[in-house]
Amino acid sequence: MIENKKYSNKYNFAFIDESTKKEIRRKLLKAVAIPGHQVPYSSPEMPISRGWGTGGLHITLAIIGKEDIFKIIDQGSDASVNACNLREFIQMMTGIETTFDTAEATLVQTRHRITEEELTEKQIIVFQVPLPEPLRMVERYENKTLQMHAEADYSKMWVSLYESYVRYGAIMQGAGYPVMVNGRYIMSPSPIPRWDTPNLHQAKTLFLFGAGREKRLYAVPPYTDVEPLEFEDVNFEIEDFTNSSCYKTGFKKAFLDELYADDGSRKYVISDSNFLDKISEKQETHQYNNQYIDQLEEYDLERG
C-alpha cells in the first residue's frame with residue numbers, strides 16, 4: 001500500500017503551490033536572460049500585505065531548497081522586525097537552517113542593502129523592491145515607460161539628472177540611484193544607498209529583484225556591467241564617511257548608520273550587523289571593493 005502524503009501538511013513546502021513556483025521561476029529565467037528588464041508575474045497572495053516584502057518573499061519561496069542556508073537582513077540588520085518576522089515565516093514553511101553569518105548563507109534576502117561582505121558564485125541575493133520602475137520619477141504613465149524602455153529612450157531621465165545638478169550643484173538622487181545594466185536598460189537597484197550601487201558591477205553572485213505590489217521581477221546575472229548614470233564632467237559619488245568612523249570599532253570602510261543621543265550629539269555605527277560583529281571580534285572578512293571606495297581611501301590618506 002502506498003501512503004498518501006499529499007495532505008500530511010496543511011501547507012506546501014515553502015508555502016506557495018508548485019505551479020505558481022514554476023511560473024515565478026520561468027519569469028526569473030527570462031529576467032536573467034534579459035538583464036535589467038522588468039518581467040510581469042502573478043504576485044500571488046501571501047499572509048503579509050503587499051508592500052511589506054512580498055516580491056522578495058515570492059522569489060525566495062520559489063527558489064529555496066531543503067539544503068539551503070537562509071539569511072535575511074533589513075537595512076543591514078539581522079534583528080529588525082521585518083527581518084525577524086520573515087525569517088521565522090520562511091523557517092516554519094521550509095524547516096531549513098537559518099543563519100546570521102553572510103559567508104555561511106547560500107540564499108540571502110535583503111531590504112535596502114547589499115551585504116558588506118562580498119558574496120560568491122555559490123550565493124544568491126534577493127531584493128525586496130517597493131518601486132521597480134526607475135522612470136516613474138519622470139513619466140507617470142505605464143504605457144509610456146514601457147515604450148521608453150523598448151526604444152531605449154532615456155532622455156527624460158538624463159534631463160532630470162541635469163536639472164538636479166543645475167538647481168542644487170549635485171545630483172540629489174540618493175537611495176535607489178538609477179543604473180544602466182549591460183549597456184541597455186536603466187534599472188532601479190531598489191532603495192540601496194549609493195555606497196552599495198557599485199557593488200552590483202561585475203559581481204560574482206546572482207541578484208534577483210522582486211516587487212510584489214507592482215508585480216514585477218528583474219535580475220542582474222553574475223559578471224554583468226552595471227554602471228550608475230553620470231555625466232562626463234559630473235561623476236557619480238558614494239556617501240562620504242571620511243570624517244566619520246564606527247564608534248564601536250573605529251572602522252571607516254563601511255556604510256555607517258547615524259545615531260543621535262538624547263543630548264543631540266551623534267555618532268556612527270556599521271550598518272551591516274553581521275559585518276560589525278566580525279570586525280568587533282577581529283574575524284576574517286572579504287569585503288566588496290570598488291573604485292569609489294578606493295578614491296575615498298586615497299583622499300583620507302592625503303589628508304592624514
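This is a predicted model, so every value here is computed, not measured.
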Donor-acceptor pair, side chain of Q123 and main chain of T120, under 3.5 angstrom: yes
Given salt bridge (charged side-chain N to carboxylate O under 4.0 Å, His left out), test R50 with E214 step by step and report yes or no. CA-CA 9 Å; R50 289 191 176 93; E214 301 292 329; over 6 Å; no
Indicate whether the side chain of Y177 and that of E237 have a donor and an acceptor atom separated by less than 3.5 Å. no
Could you tell me whether the side chain of R25 and the main chain of I63 form a donor-acceptor pair under 3.5 Å? no
Using only atom types and a distance under 3.5 Å, with no angle test, would you say the side chain of D272 pairs donor to acceptor with the backbone of E116? yes
Considering residues, nucleotides and ligands other than Y162, do more than 12 of their heavy atoms fall under 6.0 Å from its OH? no
Strictly by modelled atom types, are T98 and Q91 linked by a side-chain donor-acceptor pair under 3.5 Å? no
Are the side chain of Q38 and the backbone N or O of R216 linked by a donor-acceptor pair below 3.5 Å? no
Can you name the closest pair of heavy atoms from M157 and P134 and give their distance? CE-O, 3.0 Å
Would you mind telling me which of T60, L86, I59 makes a side chain to side chain contact (heavy atoms under 4.5 Å, CB included) with Q128? L86
Rounded at 0.5 Å granularity, tell me how far CZ in F207 sits from CG in N199. 7.5 Å
Quick one about T242 and D240 (side-chain donor to acceptor, distance below 3.5 Å, no hydrogens or angles considered), yes or no? yes
Donor-acceptor pair, D263 side chain versus S265 backbone, under 3.5 Å? yes
Distance under 6.0 Å and angle within 45° of the ring axis: does K267 meet both against Y247? yes
Parallel under 30°, tilted from 30 to 60°, perpendicular over 60°: which one fits the rings of F127 and F209? parallel
Under 6.0 Å between ring centres: does that hold for Y154 and H149? yes
Can you tell me if E88 has over 12 outside heavy atoms packed within less than 6.0 Å of its CD? no
Quick one about T106 and D68 (side-chain donor to acceptor, distance below 3.5 Å, no hydrogens or angles considered), yes or no? yes
Once rounded to the nearest 0.5 Å, what's the spacing between atom CG of D196 and atom CD1 of I114? 5.0 Å
Please verify the inter-ring angle class for F241 with F255; under 30° counts as parallel, over 60° as perpendicular, anything in between as tilted. perpendicular
More than 12 heavy atoms of other residues, nucleotides or ligands under 6.0 Å from CD of E67: is that the case? no
Salt bridge check: are K21 and E18 linked by an N-O gap of less than 4.0 Å? yes
Spell out, as yes or no, whether a donor-acceptor pair under 3.5 Å connects the side chain of S271 to the backbone of Q75. yes
Are the side chain of R87 and the backbone N or O of A79 linked by a donor-acceptor pair below 3.5 Å? no
Any sub-3.5 Å donor-acceptor pair from T115's side-chain atoms to E117's backbone N or O? yes
Check whether H201 reaches the backbone of V226 with its side chain - one donor and one acceptor, N or O, closer than 3.5 Å. yes
Taking atom CD of Q173 and atom CZ of F236, what is their separation to the nearest 0.5 Å? 10.5 Å
One thing to verify: whether K71 and D78 come together as a salt bridge, which I'm taking to mean a side-chain N less than 4.0 angstrom from a carboxylate O. yes
Should I48 and I16 be counted in the same cluster of Ile, Leu, Val, Met, Phe, Trp and Tyr side chains packed under 4.5 Å apart? yes
In terms of hydrophobic clustering (I, L, V, M, F, W, Y; side-chain heavy atoms under 4.5 Å; direct or indirect links), are V138 and Y141 co-clustered? no
Is the distance between the ring centroids of Y165 and F231 less than 6.0 Å? no
Looking only at atom types and distance, does a side-chain atom of T145 sit under 3.5 Å from a main-chain N or O of E142, one as donor and one as acceptor? yes
